[in-house]
There are 2 protein chains.
Amino acid sequence: MKRSDYIPKATIERLPLYYRCLEKISAYEEDEVVSSRELGERLGIPPTQVRKDLSYYGEFGRRGVGYHVEDLKKSLAKILGINKTWPAVLVGAGNLGRALVNYEGFQKMGLQITDVIDSDLDKIGNKVGDITVRSSKDLEEIVKTRQIKIGIIAVPASAAQDVTDLLIAAGIKSIWNFAPTRLVVPEGIIVRNEDLSVGITSLIYHLTWKNE
Amino acid sequence: MKRSDYIPKATIERLPLYYRCLEKISAYEEDEVVSSRELGERLGIPPTQVRKDLSYYGEFGRRGVGYHVEDLKKSLAKILGINKTWPAVLVGAGNLGRALVNYEGFQKMGLQITDVIDSDLDKIGNKVGDITVRSSKDLEEIVKTRQIKIGIIAVPASAAQDVTDLLIAAGIKSIWNFAPTRLVVPEGIIVRNEDLSVGITSLIYHLTWKNE
DNA sequence: TGGAGTTTGTGAAAGTAAGCATAAGGCTTC
DNA sequence: GAAGCCTTATGCTTACTTTCACAAACTCCA
Ligand SMILES: NC(=O)c1ccc[n+]([C@@H]2O[C@H](COP(=O)([O-])OP(=O)(O)OC[C@H]3O[C@@H](n4cnc5c(N)ncnc54)[C@H](O)[C@@H]3O)[C@@H](O)[C@H]2O)c1
Ligand SMILES: NC(=O)c1ccc[n+]([C@@H]2O[C@H](COP(=O)([O-])OP(=O)(O)OC[C@H]3O[C@@H](n4cnc5c(N)ncnc54)[C@H](O)[C@@H]3O)[C@@H](O)[C@H]2O)c1
């Protein structure tokens, strides 16, 4: 598959939006074809941006016509790596962890949380959804047998670095981090911070300064 | 307070990180002063970036010395608008909604969820944390009496636009949206989308293409 | 008091990303 | 089969963001 040498980070964050939008069209509309204009309108993105984003990966459209919904959806799934299912282990069966495990929406994006770890003895053995909570001493075996590459951190910030080190020792290659702290990881490990406080704080900022 | 005409979006998203880092230093370290180098190192941000970000709002440091932790923390709180508490109403007492309500960390960033709305008759009247779930017919009264400016959407995507319209009709000025859908709002209403699927998908993308 | 060593604040330069303009391809109608 | 109207793909321009480089200000110590 074609892929330009340099692709803007912002482009990569828009691809999932295109994918999800195509899924919706595919499920609820009869249109076989969609234009960059329509795709853009649904998402609040200029059509030129949609086309430029896609052009980094090849030519998916037909001039004068648009993009074939199913084809583009498949292509995007392949580009994003979500044409297969990625198993993941979640650490921290608290409020947020349980919400994440029970959310079905991630499956469509290729994520399947297969295992849950917690340090609380009262939680180990309990079920979260269909998954039995296990101790971190089982981590290495879980990661090895399922060939898990993704670890999800939903523990308090104070425990996040320790959990990170355990995950990496167990063989994980990437971390989705919900704890509000910076993780130190070896070269080659991918970290994605999902910092909800930043979201609300920037909203409050805009609210504060709106009329000045 | 000084504030440059144009401030990069990325700067605004880093300010909460600086603030939280200062809070941590203030709570756990004795240092009265911190340099842009140290602040940057803790957050993985270059020191020049730290200084430039702060410089949009004034001169907070002392050359040859650094930034006074408490002073900078106060200044940032004021800049971010989190030197007061913003009441908010959350709609959707499901898995995610309950996690958000029970999370204490938002208080430190100025957010207090004071009310919870759901349409499910089995949920109305129940408690989420200390808050009794109420029906959306009470929304307007809630927003008016508490002067709430922030609405939080934690309902399924299919209901998100309806809830948005209700919130705006009730007088809300900004929306923190967790539903994976674009909301259409009138001019002047601030929307912040917190799209977790984008996060995991971009992580999977990087994992997929890492060695190419 | 003065010089060496720090650290900030900020214009200028470099690096990224978005938007424009236009060429090229495609469909429809007569 | 040619005119007219679409829509995509992309080089170039414009806009935004980060990084660099250095003057200015402060501390410490001899
Ligand atoms: N709940 C939210 O809405 C929310 C919002 C933003 C950020 N966060 C962040 O997400 C993380 C989890 O939040 P939460 O509200 O679910 O917290 P929580 O206290 O409800 O759950 C944390 C869980 O982690 C477990 N845990 C603690 N240390 C552990 C360790 N070393 N190994 C394994 N498990 C361990 C605890 O037993 C508990 O079950 C926190 O870092 C929090 O700051 C949560
Ligand atoms: N749970 C997660 O981890 C997660 C992750 C990413 C995104 N999301 C998004 O967050 C939203 C909520 O997810 P969830 O897992 O909590 O779902 P959920 O089904 O557990 O909860 C949804 C709640 O909204 C209520 N509701 C539905 N329609 C309503 C209406 N019109 N007015 C008021 N209340 C209404 C339902 O009664 C239910 O209590 C969804 O849009 C989901 O896509 C959730």
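So you know, we letter chains A, B, ... as the sequences are listed, proteins then strands, and number each from 1. The structure presented is a predicted model; accordingly, all values stated were derived computationally and were not measured.
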Residues forming a side chain to side chain contact (heavy atoms under 4.5 Å, CB included) with B:K78, sequence neighbours excluded: B:M1, B:N83

Partners passing side chain to side chain contact (heavy atoms under 4.5 Å, CB included) against B:R182 (at least two apart in sequence or in another chain): none

N/O donor to acceptor pairs below 3.5 angstrom from side-chain atoms of residues 189-201 of chain A, sequence neighbours left out:
unit_1, atom_1, unit_2, atom_2, d
A:R192, NH1, A:E13, OE2, 2.6
A:R192, NH1, B:S202, OG, 3.1
A:N193, OD1, A:N177, ND2, 2.9
A:E194, OE1, A:W176, NE1, 2.7
A:D195, OD1, A:S197, N, 3.3
A:D195, OD1, B:R20, NH1, 3.0
A:D195, OD2, B:R20, NH1, 3.2
A:D195, OD2, B:R20, NH2, 2.5
A:T201, OG1, A:S197, O, 2.6

side-chain N/O B:S35 vs C:dT7 OP1/OP2, d < 4.0 Å: no

Distance, rounded to the nearest Å, where B:I45 contributes CD1 and D:dT17 contributes C1': 14 Å

Terminal axis angle for the helix from C:dT1-D:dA30 to C:dC30-D:dG1, five pairs an end, nearest 10 degrees: 0°

Residues which pass side chain to side chain contact (heavy atoms under 4.5 Å, CB included) with A:S26, listed by chain and number, not counting sequence neighbours: A:V69, A:E70, A:K73

Summary of protein contacts for nucleotides 19-30 of chain C, nucleotide by nucleotide, where a base hit scores B, a sugar-phosphate-only hit scores S (4.0 Å, heavy atoms): B---BBBSS---

Stepwise side-chain contact (heavy atoms from CB on, under 4.5 Å) check, B:I204 with A:M109: CA-CA 9 Å; B:I204 289 174; A:M109 302 316 253; 5.8 Å; no

Heavy atoms of other groups near A:Y6 OH, more than 12 under 6.0 Å: yes

Whole-Å distance separating the CG atom of A:D53 from the C1' atom of C:dA18: 10 Å

Separation between OH of A:Y18 and CG of A:L76, rounded to the nearest 0.5 Å: 9.5 Å

Heavy atoms from other residues, nucleotides or ligands near CD of B:Q147 exceed 12 (cutoff 6.0 Å): no

Pairs flagged by side-chain hydrogen bond (donor to acceptor under 3.5 Å, both in side chains) wherever residues 89-112 of chain A is involved - sequence neighbours left out: A:N95-A:R98

Contact under 4.0 Å: B:Y6 side-chain N or O vs D:dT17 OP1/OP2: yes

Gap between atoms CZ and P, on B:R37 and C:dT6 respectively (whole Å): 10 Å

Parallel, tilted or perpendicular, as decided by the 30° and 60° cut-offs, for the rings of A:Y57 and B:W209: tilted

Closest non-hydrogen atom pair, A:P186 against A:I168: CD-CD1, 3.5 Å

Distance in angstrom units between A:E59 CD and D:dG11 P, rounded: 11 Å

Nearest-angstrom distance from the residue atom CG of B:L54 to P of C:dT7: 16 Å

Length of the line joining A:K9:NZ and C:dG15:P, which is rounded to integer Å: 15 Å

Under-4.0 Å side-chain N/O to phosphate OP1/OP2 contact, B:Y67 with C:dG9: yes

Phosphate OP1/OP2 of C:dA18 contacted by A:R14 side-chain N/O (<4.0 Å): yes

Pairing residues for A:V184 by the side chain to side chain contact (heavy atoms under 4.5 Å, CB included) criterion, not counting sequence neighbours: A:Q161

Nearest-Å distance for atom pair CZ/P, residues B:F60 and D:dC26: 17 Å

Length of the line joining B:Y57:OH and C:dT10:P, which is rounded to integer Å: 14 Å

Selection: residues 68-77 of chain B, any non-hydrogen atom under 4.0 Å of DNA chain D: none

Salt bridge (charged side-chain N to carboxylate O under 4.0 Å, His left out) involving B:E59 - partner list, sequence neighbours excluded: none

Partner residues of B:R51 under the salt bridge (charged side-chain N to carboxylate O under 4.0 Å, His left out) criterion, sequence neighbours left out: none

Sorted by number, the residues of residues 18-34 of chain A with heavy-atom contact under 4.0 Å to DNA chain C: none

